[in-house]
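Below: one structure, written as structure tokens.
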Amino acid sequence: MQGIKGLERKGLGRALSTLLIISSLAGCSTLQGPELGVYDPLENVNRPSYRFSDAIDRRLLVPVARGYDKASPNWLQRGVLNMFANLRSVSSMVNGVLQAKPTSAATDFTRIVLNSTVGIGGFFDVAAKMDLQDQAEDFGQTLAVWGVKRSRFLYIPLIGPSTVRDLPSTVVRGLVPRLLLGGAYHWSVSVVDVVAQRADFLGASQARDASALDPYVFTRDAYYQRRAFQIYDGQPPLDDLFEDFEELDD
Amino acid sequence: MVYQLTRILLLTLCLLPAVVRADEREQAAAAQVERFHQALLTAMTLPDHAAREKALSEPVNQIFALERIDSISLGRTWRTLDADQQENFMAQLAELIVATYADRFATDKGHVFELDEVSAVKNGFVVRTRLVRSDAKPVALDYLLRDNQIFNVIADGVSDLSLRRADYSSIIKKEGYEQLLIHMKEKTAQARQG
């Protein structure tokens with residue numbers, strides 16, 4: 001609760017002003033590229049960034065994540081992820097409001113209350129068992145709903161895939177524990193957050209390594225598709241997908 | 001009044017077969033996906049990769065529209081290949097798909113596939129399902145079917161066919177078609193090693 005009060009006093013103002021500055025910059029460069037499709041005019045810069053990040057990931061983060069995965073039981077890993085997801089539900093709730101999705105915002109609010117209390121600080125996702133699922137809204141999706149659909153791809157060194165439009169939400173995602181925990185925050189919290197997320201992603205990255213002939217293209221295209229899925233709340237227009245394949249099928 | 005009712009009744013009778021046929025096609029699409037899921041669940045009980053590949057080979061070759069997947073995966077390059085080359089690519093891709101599924105669904109972790117809904121879209125059907133796992137969040141699995149065969153699988157919004165096409169297009173552009181075939185063989189071998 002001290003963390004929440006800290007947010008009200010200082011963090012919220014700082015966070016919102018940061019968001020406004022970044023989103024105004026994002027808005028300047030969104031008038032080109034296919035709607036919600038891959039747009040990568042900076043591929044010559046993004047590829048070296050990907051190679052550098054991938055090398056650091058494989059040499060440093062993956063061994064730590066594997067150690068964490070082996071050393072900690074599934075229930076503990078799930079609990080840690082739940083706690084960070086609970087913190088991010090605050091941002092998700094705010095973005096639900098910004099997108100004029102009252103049901104989504106109300107679901108996130110209910111999740112926060114239930115999981116923070118009955119779920120003991122978010123460790124247990126009690127709300128999911130009542131079919132109140134994580135809405136996972138963010139500012140990148142909000143900008144897309146507001147009309148900012150086209151955006152060029154960025155591979156941010158050590159952070160991962162993003163677009164110019166999604167950059168504010170990528171930044172905020174990393175800052176959420178610091179903003180919400182206030183005085184209770186310690187840098188080790190962010191370390192645990194990063195390692196837990198990476199451990200959760202191990203299966204997906206192994207699937208990518210097993211399937212991809214060009215892992216950069218695979219990562220980039222999967223990112224765009226996943227974002228479209230999130231922007232459409234899990235219901236992207238499948239008619240469009242059929243049409244795209246029909247054009248190729250001639 | 002009687003005339004109006006008669007018209008409505010006749011219209012209903014005329015449309016009824018179409019409605020019934022549409023329902024039958026939806027059920028057929030759902031049955032295809034269910035058949036594929038059963039094949040995966042059976043494969044997960046088998047002790048080694050070779051056994052899983054053997055169990056999955058026939059269902060994959062029958063349920064998946066492999067020729068359509070091949071032509072879409074290669075895009076314009078497909079039209080530049082002669083008949084033998086196309087047949088060779090089809091065989092390579094079928095092997096890779098089967099080996100990949102045999103590798104990814106190697107152990108039974110209490111996976112449960114749940115059918116959510118079947119929707120008719122332009123020229124095909126979408127069968128929406130969910131893979132429920134005991135140790136992770138559920139995964140939305142959408143299957144796109146045309147002529148009652150699966151040609152695309154979308155997992156949490158990520159399209160297997162779109163990724164494959166982008167991936168292969170990149171390799172063909174940088175290294176050429178023959179090198180793509182070599183990479184595909186390498187991936188198949190890797191999947192078999194586990």
Side-chain angles (χ1 to χ4, degrees), chain A residues 36-38 40 43 47 69 73-75 77-78 81-82 85 125 128 133-134 136 200-204 206-250, chain B residues 68-69 71-76 78-79 96-97 99-100 103-104 119 121-126 128 133-138 140 142 144-146 151-152 154-175 179-180 182-184 186-187 190-191 193-194:
Chain A
L36 288 183
V38 175
D40 192 10
E43 185 171 338
R47 274 193 184 267
D69 188 45
N74 276 344
W75 63 265
Q77 291 186 46
R78 187 52 42 199
L81 288 169
N82 286 342
D125 192 350
Q133 302 301 332
D134 181 10
D200 193 41
F201 191 64
L202 277 172
Q206 280 162 8
R208 177 203 60 200
D209 291 342
S211 301
L213 305 184
D214 185 337
Y216 169 78
V217 163
F218 194 96
T219 302
R220 179 193 67 194
D221 283 48
Y223 178 82
Y224 269 95
Q225 290 177 41
R226 178 80 184 136
R227 288 303 277 166
F229 182 73
Q230 290 172 327
I231 287 162
Y232 284 106
D233 294 331
Q235 304 280 333
L238 288 167
D239 270 339
D240 291 350
L241 202 58
F242 267 82
E243 272 185 20
D244 288 345
F245 289 134
E246 277 172 20
E247 282 167 19
L248 300 168
D249 209 13
D250 290 336
Chain B
R68 190 186 302 282
I69 292 170
S71 63
I72 294 173
S73 298
L74 287 185
R76 288 188 195 92
W78 177 255
R79 289 193 280 270
L96 176 58
I97 290 172
T100 304
D103 181 42
R104 288 213 200 132
S119 311
V121 291
K122 187 179 172 181
N123 291 333
F125 289 91
V126 178
R128 291 186 188 270
R133 303 171 291 178
S134 56
D135 58 347
K137 285 185 183 175
D142 295 338
L144 274 59
L145 290 92
R146 199 165 163 183
F151 74 92
N152 195 10
I154 304 176
D156 276 347
V158 181
S159 159
D160 177 63
L161 188 52
S162 295
L163 283 187
R164 196 181 296 282
R165 186 170 181 277
D167 207 12
Y168 292 2
S169 170
S170 173
I171 294 295
I172 290 171
K173 198 171 158 185
K174 287 190 303 183
E175 301 176 40
Q179 201 59 33
L180 170 68
I182 292 171
H183 284 308
M184 285 171 68
E186 286 168 357
K187 286 294 177 188
Q190 271 175 31
Q193 282 165 12

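Side chains are part of it too, since the values below use all heavy atoms of this structure and drop only hydrogens, waters and symmetry mates. Protein chains get the first letters and strands the later ones, always in sequence-line order, with residue 1 at the start of each. Quantities reported herein were computed from a predicted structural model and do not represent experimental measurements.
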Side chain from CB out, backbone as N, CA, C, O: work out which of these in [X] comes under 4.5 Å of a heavy atom of chain B, or both, or neither.
| X | answer |
| --- | --- |
| A:R226 | both |
| A:A128 | neither |
| A:A228 | neither |
| A:N74 | side chain |
| A:D125 | neither |

* Structure fact -> So, the part of B:A191 with a heavy atom under 4.5 Å from chain A: the answer is neither

* Structure fact -> Okay, B:I171 and chain A: the region with an atom under 4.5 Å from a heavy atom over there is side chain

* Any donor-acceptor pair under 3.5 Å from B:D167 side chain to A:D214 backbone -> yes

* For residues A:Q225 and B:S162, report the shortest heavy-atom separation together with the two atoms involved. => NE2-CB, 3.4 Å

* To do: Work out which heavy atom in A:F229 is nearest to a heavy atom in B:G157; give both atom names and the distance.
  => CD1-CA, 3.2 Å

* Out of curiosity, A:E43 CD to B:S170 OG, how far, rounded to the nearest 0.5 Å? -> 7.0 Å

* Asked: Can you tell me how far CG of B:D103 sits from CD of A:Q206, rounded to the nearest 0.5 angstrom?
  -> 10.0 Å

* Structure fact -> Most heavy-atom pairs under 4.5 Å with chain A, out of B:D156, B:V158, B:D142, belong to B:D156

* To do: Check salt bridge (charged side-chain N to carboxylate O under 4.0 Å, His left out) between B:D160 and all other residues, then give those that pass, not counting sequence neighbours.
  => B:R164

* Applying side chain to side chain donor-acceptor pair (under 3.5 Å), name anything that partners A:S211, two or more places apart in sequence or on another chain. => B:R104

* Determine whether B:Y168 and A:L213 make a side-chain contact, defined as any pair of heavy atoms from C-beta on separated by less than 4.5 Å. => yes

